[in-house]
Amino acid sequence: SSLHEADGLGDELIHSSCKRMNREIWLGHGNGTISIYKKGKVNALDLSTSIASKITEILEDSLGNLWVFSQVNGIVKIDNNNTLVHITKG
């Protein structure tokens, strides 16, 4: 089975991934979106207005915060409520 944009994937090309402690899988795309795979469903989180570049890496810290690294626009921190809480410019 494969996933496509019609299934809720943010983009067909995946540049990075992170399996979270809560078993969600986060997928980073070249267009600044993130897809969240949970319990067989995919939802896109659009960060393109904040990041607007390829997501090169997604890491989870011990508190469950996600650190999203972009190719051009720095680092974005996302808390457990999927709220953007900090941006550093690249």
Side-chain angles (χ1 to χ4, degrees):
S1 170
S2 60
L3 297 170
H4 302 280
E5 287 181 75
D7 301 313
L9 203 60
D11 187 38
E12 297 284 329
L13 187 58
I14 298 168
H15 291 279
S16 57
S17 64
C18 176
K19 184 175 181 183
R20 297 190 69 185
M21 292 180 280
N22 66 6
R23 310 204 46 89
E24 292 176 345
I25 299 172
W26 284 51
L27 307 168
H29 304 285
N31 61 2
T33 60
I34 291 178
S35 298
I36 305 166
Y37 181 79
K38 182 177 181 179
K39 297 182 180 179
K41 295 183 181 180
V42 179
N43 293 303
L45 178 63
D46 187 359
L47 298 178
S48 61
T49 57
S50 299
I51 295 178
S53 70
K54 179 169 69 173
I55 296 173
T56 57
E57 189 156 11
I58 305 169
L59 300 173
E60 183 177 26
D61 66 22
S62 62
L63 299 175
N65 297 306
L66 288 173
W67 296 87
V68 179
F69 298 80
S70 71
Q71 186 174 31
V72 177
N73 293 319
I75 302 168
V76 175
K77 179 182 171 187
I78 301 172
D79 69 12
N80 285 312
N81 296 316
N82 296 344
T83 303
L84 184 80
V85 293
H86 182 71
I87 300 175
T88 60
K89 294 292 183 184

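Along the sequence shown, the residues carry numbers beginning at 1. No experiment lies behind these values; they were computed from the predicted model shown. Note that these values count all heavy atoms, side chains included, but never hydrogens, waters or copies made by symmetry.
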Just how far is it from atom [atom1] of [X] to atom [atom2] of [Y], taken to the nearest 0.5 Å?
{"X": "I58", "Y": "F69", "atom1": "CD1", "atom2": "CZ", "value": "10.5 Å"}
{"X": "N80", "Y": "N22", "atom1": "CG", "atom2": "CG", "value": "8.0 Å"}
{"X": "L66", "Y": "D61", "atom1": "CG", "atom2": "CG", "value": "8.0 Å"}
{"X": "I36", "Y": "I78", "atom1": "CD1", "atom2": "CD1", "value": "7.5 Å"}

> T56 versus S16: any side-chain heavy-atom pair under 4.5 Å?
Replying inline: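 The answer is no; the side chains never approach within 4.5 Å.
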Regarding T33 and N31, do their side chains bring together a donor and an acceptor under 3.5 Å, going by distance alone?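 N31 and T33 do have a side-chain donor-acceptor pair below 3.5 Å.
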**Q.** Sole candidate of D11, V68, L27, N43 that passes side-chain contact (heavy atoms from CB on, under 4.5 Å) when paired with I34
**A.**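 In the set D11, V68, L27, N43, the residue that makes a side-chain contact (heavy atoms from CB on, under 4.5 Å) with I34 is V68.
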Qualifying residue, where the test is side-chain contact (heavy atoms from CB on, under 4.5 Å) with W26 and the options are K19, E60, R20: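 Testing each of K19, E60, R20 against W26, the sole residue satisfying side-chain contact (heavy atoms from CB on, under 4.5 Å) is R20.
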Query - Path from L9 to L13 over hydrophobic side-chain contacts below 4.5 Å - result: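 No, because L9 and L13 fall into different hydrophobic clusters, even though each may have its own neighbours under 4.5 Å.
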Who are the side chain to side chain donor-acceptor pair (under 3.5 Å) partners of H29, not counting sequence neighbours?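 By the side chain to side chain donor-acceptor pair (under 3.5 Å) rule, H29 matches S35.
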For this session: Give a yes or no answer on whether the side chain of N81 reaches the backbone of T83 with a donor-acceptor pair at less than 3.5 Å.
Result: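 Pair absent, no side-chain N/O of N81 close to backbone of T83.
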How far apart are the closest heavy atoms of Q71 and S53, and which atoms are they?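 Closest approach of Q71 to S53, heavy atoms only: N-OG, 3.6 Å.
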